[in-house]
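Each residue takes its place number in the sequence, starting with 1. Atom set for the values below is all heavy atoms of this structure, side chains included, hydrogens, waters and symmetry mates excluded.
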Amino acid sequence: YPLTVTETDGRLPIGNPISTTNNTQGDDPNILRVLTKLVLLLAGCALTGSLAFVTFVTPALRRPESSRLRGRFDRLALGIAAGSVVVLGLFGVFEIFLQSNLLNGSVGDVLGTQWGERWLWRNLLLIPALLLAGGAIFAGPKRAVTGLALVAAAAYLAITSSVSHSAAG
């Protein structure tokens with residue numbers, strides 16, 4: 001699309017316009033990498049959303065007659081959170097093998113890159129998220145505990161985005 005830069009009052013600038021072109025090239029998308037990233041993002045969103053639900057929504061059900069309903073919602077959301085962490089862990093490991101295959105190297109070679117370092121930090125965040133969400137399942141959801149797990153889940157998504165963008169650049 002042609003882009004014309006004008007003066008602040010809308011007039012064309014004096015002189016010849018600068019000619020620019022844009023050319024994008026690269027490999028075709030790898031379907032396994034695309035599906036893996038999709039699953040990671042969906043599971044990360046499910047983890048974050050379920051923890052946000054337990055942290056902010058169910059505590060609003062304060063009436064005595066709603067305690068049973070609140071308990072069901074909490075168990076369901078925490079079950080989704082725990083399942084999401086399992087999916088994130090499995091697909092995270094799969095992703096590192098895909099990356100090593102792409103680079104024709106070993107997993108150790110991949111972990112030695114900036115991408116690998118971010119991948120490692122991202123997956124280390126699953127440990128506190130799993131411990132906090134799992135603890136909330138057995139001890140009952142405490143707002144501070146699920147809130148900390150929510151922060152870990154949000155950090156996981158932020159690092160996932162960072163890893164995706166650094167791999168694209």
Side-chain angles (χ1 to χ4, degrees), residues 1 3 19-58 72-169:
Y1 300 100
L3 173 69
S19 174
T20 63
T21 60
N22 186 7
N23 191 6
T24 303
Q25 58 185 348
D27 293 336
D28 289 331
N30 178 324
I31 191 67
L32 284 177
R33 288 176 54 101
V34 170
L35 290 176
T36 300
K37 189 59 68 179
L38 176 67
V39 169
L40 287 170
L41 290 172
L42 289 175
C45 289
L47 174 63
T48 306
S50 62
L51 290 171
F53 185 81
V54 172
T55 303
F56 298 114
V57 176
T58 59
R72 285 183 181 170
F73 279 148
D74 285 341
R75 281 190 300 281
L76 176 63
L78 290 171
I80 290 170
S84 297
V85 170
V86 170
V87 169
L88 289 170
L90 292 174
F91 275 83
V93 169
F94 184 65
E95 183 185 35
I96 196 76
F97 285 114
L98 282 176
Q99 187 72 7
S100 66
N101 186 37
L102 177 75
L103 298 177
N104 294 323
S106 69
V107 171
D109 294 336
V110 173
L111 290 175
T113 65
Q114 183 181 16
W115 183 95
E117 182 182 336
R118 289 181 183 171
W119 179 90
L120 189 59
W121 279 110
R122 181 189 79 190
N123 285 291
L124 286 175
L125 283 169
L126 292 176
I127 296 170
L130 179 62
L131 292 175
L132 291 166
I137 289 172
F138 296 109
K142 306 291 185 245
R143 198 167 184 175
V145 172
T146 57
L148 287 173
L150 175 60
V151 168
Y156 178 92
L157 281 177
I159 295 174
T160 299
S161 175
S162 168
V163 168
S164 298
H165 288 88
S166 72

Distance in Å, Ile96 CD1 paired with Leu120 CG, rounded so as to fall on 0.5 Å steps: 8.0 Å

In a check of side chain to side chain contact (heavy atoms under 4.5 Å, CB included) between Ser106 and each of Leu103, Asn104, Asp109, which one passes? Asp109

Rounded to the nearest 0.5 Å, how far apart are CG of Asp74 and CZ of Arg72? 12.5 Å

Ile127 meets the side-chain contact (heavy atoms from CB on, under 4.5 Å) criterion, sequence neighbours left out, with Leu124, Leu131

Reported CD-to-CD1 distance for the pair Glu117 and Ile159, which is rounded to 0.5 angstrom: 10.0 Å

Could you state the interatomic distance from CG (Leu40) to CG (Asn123), rounded to the nearest 0.5 Å? 8.0 Å

Can you list the steps and then say if Tyr156 with Thr48 is a side chain to side chain contact (heavy atoms under 4.5 Å, CB included)? CA-CA 9 Å; Tyr156 178 92; Thr48 306; over 6 Å; no

Parallel under 30°, tilted from 30 to 60°, perpendicular over 60°: which one fits the rings of Trp119 and Trp115? parallel

How long is the straight-line distance from OG of Ser84 back to CG of Leu126, given to the nearest 0.5 Å? 10.5 Å

Between Ala129 and Ala149, which heavy-atom pair has the shortest distance, and what is it? O-CB, 4.2 Å

Mind checking side-chain hydrogen bond (donor to acceptor under 3.5 Å, both in side chains) for Thr36 and listing every partner two or more places apart, or none if nothing turns up? none

Would you give the length of the straight line joining atom CD1 of Ile80 to atom CG of Leu47, rounded to the nearest 0.5 angstrom? 10.5 Å

Do the charged groups of Lys37 and Glu95 touch, with an N to O distance under 4.0 Å? yes

Atom of Ser50, atom of Ala77 and distance for their closest heavy-atom approach: CB-O, 3.2 Å

Closest approach of Val110 and Thr113, non-hydrogen atoms and distance? O-OG1, 2.6 Å

Side-chain contact test, heavy atoms from C-beta onward, threshold under 4.5 Å: evaluate it for Arg122 versus Leu88 and give yes or no. no

Does Phe53, at its CZ atom, have more than 12 non-hydrogen atoms belonging to other residues, nucleotides or ligands within less than 6.0 Å? yes

To check you understand the geometry: which heavy-atom pair defines the closest contact between Leu51 and Leu150, and what is its length? CD1-N, 3.8 Å

